[in-house]
2 protein chains.
Amino acid sequence: MIVRQAANILEIMEFFAQTKKPATLAEIADHFGWPRSSTFNLLATLSEKGYLYEPRPRGGFYPTPRWLAMARMVSEVEPLPPWTHALIAELSAETGETASITAPSGLWAVFIDVVESQAPIRYFATIGHRVPIHAAASGRALLLQYSREERDALYRKIEFRQYGPSTPISIEAVETELRNSTARGYCQSFGDYSRDLAGAAIPLPIGDRRLSVVVAGPEFRIGPKVPEVAALITRTVDRLRPKSAA
Amino acid sequence: MIVRQAANILEIMEFFAQTKKPATLAEIADHFGWPRSSTFNLLATLSEKGYLYEPRPRGGFYPTPRWLAMARMVSEVEPLPPWTHALIAELSAETGETASITAPSGLWAVFIDVVESQAPIRYFATIGHRVPIHAAASGRALLLQYSREERDALYRKIEFRQYGPSTPISIEAVETELRNSTARGYCQSFGDYSRDLAGAAIPLPIGDRRLSVVVAGPEFRIGPKVPEVAALITRTVDRLRPKSAA
DNA sequence: GCACATTGTTCACATATGTGAACAAGATGT
DNA sequence: ACATCTTGTTCACATATGTGAACAATGTGC
């Protein structure tokens, strides 16, 4: 069950992150098509808890810096080492595609850092974006770091869906693709989950954390270049990763 | 009406900001005394929206960097100039008390930046904290920047409560205190809102924004020194504020 | 390797919650 | 200064939502 009002306050914050200016109750209500009264309750709750304020009289609401203070506190734990951001920045610049770091989360691979392509047609992904762990290059690069027992535990929960023509829809299909990936030296996907999307990924263990790097873009553009993109990822990781780290 | 589930996800985030480590469903449910099933729904909602993930298998949930990305986006609009943080940092260091920048929000003054005292007994305030605009030194320093008409509009909505012996409980009492503050050169409060709390504040207009600086602490410690603290605030603002700015 | 304890997940129902309609307060234009 | 339009606020009721109990899956100790 999705908790509507919990989701709504995230929507409100995302709205402010986009518009980047104060908004009145009426504007917010209209934007989402919510009743005034419901919007009123939400804004009152956020204000009372100190997360929203009215910068100027009748000038509408805006988030307080409290969000930033809170986000900083949670993010200073286990921050990604700086070289990982440099890594995806460089990969994105070299390839012109979107590059990301992903982490496992149950049955999903979650994007925890993203540098977007600048191309007009591009893979639009944001931090927090999720893809099924077995049906994406990034996810399979995570699965490669699991033991067979751990993977089996996941497989039991997955309901295999045919997202696209090439989606692996059985445990065996996934395991086969993993073996192929090991032989090949990288993971790849051609629309396995998202239509028209292709990408290359490799595992990126850091300390005891299981992460992966992925470069992805429209199939027509990146498709033929997947092997060379994969090679570039490998080379760049080798160069940027400190020798001391595992 | 307070929207419970909206407030709850803020509670969850604050919980993570405090503990700074992943927590399982059971831990969170126990901490708040929530039913497992309700907690499950909340965590599922946050995960689905990309705000929570499970860093390692069966290792519990933790917020994704998406919070940080979002908070950064909203906060890069109208950031406070750097010298304001230097200002309260210096004031806190010099006085040993808590120093803050506040902004108006309807009937409240909201703390938008805070440097806490290091003393064991101290004014504990966080970014987002709110005090009634008419019953606190910081708030009155904001009111001084309003026109009489604007203040009247606020007065109509205030329900005057006797928070402490010295709380101004009428429009006239507030206006008198404002006139005294102007004559005195600074705003002060001795337990007007919070028991045992005293403070000094002055207006701090920046561009078209109406802000204030306040230094506050336990009455027994800061009480006798309020005039000299106020003088220190004024001097320090004069020194740090760029001459070009209004 | 089995029994027990703990954690995670589903579902039907009682009840807490969102909302439409009516009202109040401000803003806008003449 | 008045009438009109827009925005903000309250409240009672219909209904969407939280939750207890029962179940499943996983971890732990012997």
Side-chain angles (χ1 to χ4, degrees), chain A residues 1-12 21-48 52-62 104-108 146-159, chain B residues 1-12 21-48 52-62 104-108 146-159:
Chain A
M1 175 185 282
I2 192 169
V3 182
R4 185 137 54 97
Q5 293 297 47
N8 284 349
I9 92 165
L10 300 174
E11 298 280 346
I12 289 180
K21 62 174 188 233
T24 63
L25 187 155
E27 286 166 354
I28 296 171
D30 292 349
H31 176 85
F32 291 106
W34 295 339
R36 292 268 160 93
S37 49
S38 311
T39 309
F40 176 78
N41 290 337
L42 276 172
L43 296 183
T45 302
L46 285 170
S47 300
E48 223 163 285
L52 230 45
Y53 77 123
E54 300 160 74
R56 3 194 158 239
R58 32 195 15 61
F61 292 85
Y62 201 72
S105 179
L107 305 181
W108 306 84
Y146 284 53
S147 69
R148 179 67 207 245
E149 291 73 36
E150 290 173 309
R151 287 204 298 274
D152 281 335
L154 285 185
Y155 292 151
R156 258 172 261 136
K157 299 188 180 174
I158 294 180
E159 13 170 353
Chain B
M1 173 188 280
I2 192 169
V3 183
R4 184 138 53 96
Q5 293 297 44
N8 284 350
I9 91 166
L10 299 174
E11 298 279 345
I12 290 180
K21 62 174 189 233
T24 63
L25 187 154
E27 285 165 354
I28 296 171
D30 291 350
H31 175 86
F32 291 106
W34 295 339
R36 291 269 161 92
S37 50
S38 312
T39 309
F40 176 76
N41 290 336
L42 276 172
L43 297 183
T45 302
L46 284 170
S47 300
E48 222 163 285
L52 231 46
Y53 77 123
E54 300 160 74
R56 5 194 156 239
R58 32 195 18 66
F61 292 85
Y62 201 73
S105 179
L107 305 180
W108 304 85
Y146 283 53
S147 68
R148 180 65 209 246
E149 290 73 38
E150 290 173 311
R151 287 205 298 275
D152 281 334
L154 286 185
Y155 292 151
R156 257 171 261 138
K157 299 189 180 173
I158 294 181
E159 19 170 349

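For clarity, every value in this text was computed on a predicted model and none was experimentally measured. Proteins come first, then strands; the chains are lettered A, B, ... in the order of their sequence lines, and each starts at number 1.
Protein atom CD1 of B:I28 is 13 Å distant from nucleotide atom C1' of C:dT7, rounded to whole Å. Following rounding to the nearest Å, A:E27 (CD) and D:dG8 (P) show an atom-to-atom distance of 8 Å. What separates CG of A:L25 from C1' of C:dA25 is a distance of 14 Å, to the nearest Å. Look at CG on B:N8: it is 9 Å from P on D:dG18, rounded to the nearest Å. Taking atom CD of B:E159 as the reference point, atom P of D:dT10 lies 10 Å away to the nearest angstrom. The separation between A:E54 atom CD and D:dG8 atom C1' is 11 Å, rounded to whole Å. To the nearest angstrom, C1' of D:dT19 lies 18 Å from CZ of B:F32. The separation between B:L43 atom CG and D:dG18 atom C1' is 14 Å, rounded to whole Å.
For D:dG18, the base has no donor-acceptor partner in the side chain of B:S37 [N/O atoms by modelled type, under 3.5 angstrom].
The two residues A:W34 and A:T39 come nearest to each other via the heavy atoms CB-OG1, 3.4 Å.
Using modelled atom types, one side-chain atom of B:T45 and one backbone atom of B:N41 make a donor-acceptor pair closer than 3.5 Å.
The phosphate of C:dG18 (OP1 or OP2) has a side-chain N or O of A:Q5 nearer than 4.0 angstrom. For A:R156, a side-chain nitrogen or oxygen approaches OP1 or OP2 of D:dT26 to under 4.0 Å.
Closest approach to the B:T24 side chain among C:dT19, C:dG8, D:dT19 is made by C:dG8 (side chain taken as heavy atoms from C-beta onward). The side chain of B:R36 sits closest to C:dT7 out of C:dT7, C:dT10, D:dT19. Nearest to the side chain of B:S38, among D:dT10, C:dT19, D:dG18, sits D:dG18.
Taking the nucleotide of DNA chain C with the nearest heavy atom to each of B:I2 and A:K157, the more 5' of the two is matched to A:K157. Toward the 5' end of DNA chain C, the nearer of the two residues B:A153 and B:N41, judged by each one's closest nucleotide, is B:N41. Summary of the strand contacts: B:R58 and A:V3 both lie near DNA chain D, and taking for each the nucleotide with the nearest heavy atom, the more 5' one is attributed to A:V3.
Nucleic acid contact for B:R4: sugar-phosphate only, since backbone atoms but no base atoms lie under 4.0 Å from a heavy atom of the residue.
Under the 4.0 Å criterion applied to side-chain N and carboxylate O atoms, B:R156 and B:D152 are not assigned as salt-bridge partners.
When only modelled atom types and interatomic distance are considered, B:N8 and B:Q5 share a side-chain donor-acceptor pair under 3.5 Å.
Taken to the nearest 0.5 Å, the CZ atom of A:F40 stands 9.0 Å off from the OG atom of A:S47.
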